[in-house]
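Because the structure is a prediction, the values reported are computed rather than measured.
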Amino acid sequence: MQYQYLIAGLEDITLTSGTTLTEEQLLQQFQDQLSKHDWQLLSTLFVTTDDDRIVKMAEDYRLRAEEADEAILLSEEDLRTQMLYEWGVKAKNQLLRQWFEFNLNINNVLAATICRKHGFDIAKAIIGNSETAEAIRKNRNQKDFGLAGTLPEINDILHLADIENLLDREKMQDALRWRWLEEHTLFFNFEIENVIAYYLQSKILHRWDNLTMEEGQRVFRSLVADMKKGITFEDEK
């Protein structure tokens, strides 16, 4: 189903423009105009680790592990996070599945890089059993975790790990996410995928509503510009 009038009526947003609509106002607009099926797809993004369904998935996972006499290395919080990603990658929409997988990859690579840098156990930080997660566990001593050929964003994510200032790192992550959404909706035309991307981008902007100082905006624009240029790493000797 196409949403030409809905999308055409939305304000244009960019990483530095901000948005005048609150999340509640935007969602009300979407709920009024989306089909029931598409609203349910969008609702996939509202699920949190405290959701009863995610909690139940975590409980079932622990029970199966106990019955199989298998150790669980993850904390309760990380286990619920894993269940949330497993929920997301089973969504009935390709963009949603890819979005959850993309964010899981970012989190896993960053966690593994930080663990390696500080001598922590990588196995206790990696979530899920995806191809990327398994590659990280197997190639923990390689600079790119053996992901150069399978994860297009690996160099960008590794660059994130090198940013010492946590606020700057978060902003750069959101710049990477914004770019990913633009690239993965390029060939959709007023479809639910465009609505999903707009909602996710508006959430990014709402995260930084308090970033109003001129210097903060300048730094943000600089980070976005650097991200768009792309960053490469030399192979480890």
So, taking the atom named [atom1] in [X] and the one named [atom2] in [Y], what distance separates them when rounded to the nearest 0.5 Å?
{"X": "Leu181", "Y": "Thr185", "atom1": "CG", "atom2": "OG1", "answer": "6.5 Å"}
{"X": "Asn93", "Y": "Thr44", "atom1": "CG", "atom2": "OG1", "answer": "8.0 Å"}
{"X": "Thr132", "Y": "Phe145", "atom1": "OG1", "atom2": "CZ", "answer": "11.5 Å"}
{"X": "Ile7", "Y": "Gln2", "atom1": "CD1", "atom2": "CD", "answer": "8.5 Å"}
{"X": "Ser43", "Y": "Leu34", "atom1": "OG", "atom2": "CG", "answer": "9.0 Å"}
{"X": "Arg53", "Y": "Met83", "atom1": "CZ", "atom2": "CE", "answer": "15.0 Å"}

Have a look at Phe102 and tell me which of Arg177, His184, Arg97 forms a side-chain contact (heavy atoms from CB on, under 4.5 Å) with it.
Arg177
Qualifying residue, where the test is side-chain contact (heavy atoms from CB on, under 4.5 Å) with Met172 and the options are Ile157, Leu160, Leu167
Leu160
Let me see the working for Glu59 and Arg62 under salt bridge (charged side-chain N to carboxylate O under 4.0 Å, His left out), right down to the final yes or no.
CA-CA 5 Å; Glu59 291 174 350; Arg62 286 195 178 279; over 6 Å; no
In the single-linkage hydrophobic clustering (I, L, V, M, F, W, Y; side-chain heavy atoms under 4.5 Å), do [X] and [Y] co-cluster?
{"X": "Ile122", "Y": "Leu151", "result": "yes"}
{"X": "Ile13", "Y": "Trp99", "result": "yes"}
{"X": "Leu27", "Y": "Leu10", "result": "yes"}
{"X": "Met1", "Y": "Leu42", "result": "yes"}
{"X": "Phe46", "Y": "Leu21", "result": "yes"}

May I ask you to decide if [Y]'s main-chain N or O and [X]'s side chain share a donor-acceptor pair within less than 3.5 Å?
{"X": "Arg116", "Y": "Lys143", "answer": "yes"}
{"X": "His159", "Y": "Asn155", "answer": "no"}
{"X": "Asp78", "Y": "Ala125", "answer": "no"}

Neighbour count above 12 (heavy atom, 6.0 Å) for [X] [atom1]:
{"X": "Phe187", "atom1": "CZ", "value": "no"}
{"X": "Asn165", "atom1": "CG", "value": "yes"}
{"X": "Glu23", "atom1": "CD", "value": "yes"}
{"X": "Glu77", "atom1": "CD", "value": "no"}

State, with a plain yes or no, whether a side-chain heavy atom of [X] is found less than 4.5 Å away from one of [Y].
{"X": "Phe100", "Y": "Leu45", "value": "yes"}
{"X": "Asp174", "Y": "Trp178", "value": "no"}
{"X": "Asn105", "Y": "Ile154", "value": "no"}
{"X": "Arg137", "Y": "Asn129", "value": "yes"}
{"X": "Arg179", "Y": "Asp156", "value": "yes"}
{"X": "Trp39", "Y": "Lys36", "value": "no"}
{"X": "Leu110", "Y": "Gln173", "value": "yes"}
{"X": "Asn194", "Y": "Glu191", "value": "yes"}

Considering non-hydrogen atoms only, spot the tightest contact between [X] and [Y] and give its length.
{"X": "Ser17", "Y": "Asp12", "result": "OG-O, 4.1 Å"}
{"X": "Ala58", "Y": "Leu79", "result": "O-CD2, 3.8 Å"}
{"X": "Ile106", "Y": "Leu176", "result": "CD1-CD2, 4.1 Å"}
{"X": "Leu26", "Y": "Ser202", "result": "CD2-OG, 3.2 Å"}
{"X": "Arg169", "Y": "Ala161", "result": "NH2-O, 3.8 Å"}
{"X": "Leu158", "Y": "Asp144", "result": "CD1-CA, 4.0 Å"}

Would Lys56 and Asp60 count as a salt bridge (charged side-chain N to carboxylate O under 4.0 Å, His left out) here? Give the steps.
CA-CA 6 Å; Lys56 182 65 165 57; Asp60 291 345; 3.0 Å; yes
Show your working on side-chain contact (heavy atoms from CB on, under 4.5 Å) between Phe30 and Asp38 and close with a plain yes or no.
CA-CA 10 Å; Phe30 286 164; Asp38 287 344; over 6 Å; no
Are a donor atom and an acceptor atom from the side chains of Glu11 and Thr20 found within less than 3.5 Å of each other?
yes
What's the verdict on side-chain contact (heavy atoms from CB on, under 4.5 Å) for Ile204 and Leu15, showing C-alpha distance, side-chain angles and the deciding distance?
CA-CA 8 Å; Ile204 290 174; Leu15 267 172; 4.2 Å; yes
Decide yes or no on side-chain hydrogen bond (donor to acceptor under 3.5 Å, both in side chains) for Gln82 and Glu86, but give the supporting numbers first.
CA-CA 6 Å; Gln82 176 173 318; Glu86 289 188 6; 3.3 Å; yes
Test Arg80 against Asp51 for salt bridge (charged side-chain N to carboxylate O under 4.0 Å, His left out), laying out the working first.
CA-CA 9 Å; Arg80 289 191 190 183; Asp51 187 284; over 6 Å; no
Go through the steps for Asn107 and Ile127 under the test side-chain contact (heavy atoms from CB on, under 4.5 Å), then give the verdict.
CA-CA 9 Å; Asn107 293 339; Ile127 293 174; over 6 Å; no
Could you walk me through whether Gln94 and Glu193 pass side-chain contact (heavy atoms from CB on, under 4.5 Å), step by step?
CA-CA 9 Å; Gln94 184 177 15; Glu193 286 77 10; over 6 Å; no
